[in-house]
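Computation of the quantities below employed the complete heavy-atom set of this structure, encompassing side-chain atoms and omitting hydrogens, waters and symmetry-equivalent molecules. This is a predicted model, so every value here is computed, not measured. All ligand and atom numbering here is 1-based and tracks the order in the structure.
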Amino acid sequence: MITPNLIKSKVWKTTEALSLSAKSLRMLFENQIPIVQIEQFATNQECAALVTQANLLGFDTYQNVTPKIERLGITVFEYNSIGKEDYFLAVDRASKEQYRITSASFNPLERLMARIRNQTGTTVRIASESCYGSYHAGLIRKIEQGTQLHIDYAPSEQIGWEVSKVVGQLSWNLYLQVSANDRGKTYIYDRQWRSEDERYKLDSYGYNEAVVSGASSICFQPQVGDVFIFNTQNYHIVEPTEGQRVTFTSAMGLLPNDEIIFWS
Ligand SMILES: O=C(O)CCC(=O)C(=O)O
Ligand SMILES: [Fe+2]
């Protein structure tokens, strides 16, 4: 059990990455630890096969996002301005496209959901919306020029969507391809978004770095096949890389009834 009623913003008790368990997930939702790491979640071969298939289908570029980020799959972030109805109309096509990729290798989302189900014993499912049905979950994403400093937090960003009911939000990334050099690290700050931070907002998603001034941070250098999970109410930023940096990713949230939901 994850006990969502305990969720409060706390400071990190450690900067170490913990392995996946019911306890470490709860600590991550409560912002007591910065990351959960699952080493060797997938083999190099499994990851390479996903990248090959994704490249065959071709990536789209995120709308209204600089620097450029590419993805396969749809996001609530982009459909916020287009409309919820259109998002749900696009789910079927996105799921079929995802199947064409994962059927050539394996489905990282299903593997992760099964592991979390085993560890926590709680209901673990794809998010759904009354009247519209299932959300899409699972992007293949290329972040090569880095990101701005940002958060991903449905209670503040997806108002009016069911996913905004989560009491804590995480992101998980399976690193499918990374460049050999020492770049493309992900930095996470021990500083969670609060409503008064909106004055630091720069554009569609970036925040001025003054918002994290004085906050401690950790960074990690992903290896192919690893999964890293972190709390996306915390400010975070990905540094640019030279070459390819491809992940399989989605959002993951805890509902007040203890269910864990996934969406993109
Ligand atoms: O690619 C990464 O390491 C993290 C990307 C990110 O901003 C997220 O997953 O929320
Ligand atoms: Fe993010």
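At least one N or O atom of Thr186 sits closer than 3.5 Å to an N or O atom of ligand 1.
Set against the non-hydrogen atoms of Val238, the atoms of ligand 1 under 4.0 Å away are 1 (O), 2 (C), 3 (O), 4 (C), 5 (C). Residue-ligand proximity, Thr232 to ligand 1, at heavy-atom distances under 4.0 Å covers atoms 10 (O). Those atoms of ligand 1 that come under 4.0 Å of a heavy atom in Asp152, given as number and element, are 10 (O). Residue His236 has at least one heavy-atom neighbour below 4.0 Å for each of these atoms of ligand 1: 6 (C), 7 (O), 8 (C), 10 (O).
Between Phe220 and Phe228, the ring planes lie parallel to each other; the angle is under 30°, not in the 30° to 60° tilted range. The aromatic rings of Tyr235 and Tyr207 sit perpendicular, their planes meeting at an angle over 60°, well past the 30° parallel limit.
The Fe ion (ligand 2) lies closest to atom OD2 when only the N/O/S atoms of Asp152 are considered. Closest approach between the Fe ion (ligand 2) and any N/O/S atom of His236 involves NE2.
When the side chains of ILVMFWY residues are joined at heavy-atom separations under 4.5 Å, either directly or via intervening members, Met27 and Leu254 end up in a single hydrophobic cluster.
Ser250 and Trp172 form a side-chain donor-acceptor contact under 3.5 Å, judged by distance and modelled atom types alone. In the model, Ser130 has a side-chain atom that pairs as donor or acceptor with a side-chain atom of Glu162 under 3.5 Å.
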Donor-acceptor pairs under 3.5 Å, side chain of residues 53-66 to any protein atom, not counting sequence neighbours: which ones?
| unit_1 | atom_1 | unit_2 | atom_2 | d |
| --- | --- | --- | --- | --- |
| Gln53 | NE2 | Arg100 | O | 3.3 |
| Asn55 | ND2 | Val51 | O | 3.4 |
| Tyr62 | OH | Arg141 | NH1 | 3.4 |

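By the 6.0 Å contact criterion, CD on Glu85 is open, its count of non-hydrogen atoms from other residues, nucleotides or ligands being 12 or less. Other residues, nucleotides and ligands place more than 12 heavy atoms under 6.0 Å from the CD atom of Glu196.
Judged by the shortest distance from any of its heavy atoms, Thr147 lies outside the 4.0 Å radius around the atoms of ligand 1. Within the structure, ligand 1 has Tyr175 among the residues with a heavy atom less than 4.0 angstrom away. Distances shorter than 4.0 angstrom do not occur between any heavy atom of Trp172 and any atom of ligand 1.
Within the set Arg245, Gln148, Lys142, Lys185, the minimum heavy-atom distance to atom 1 (O) of ligand 1 is found for Arg245.
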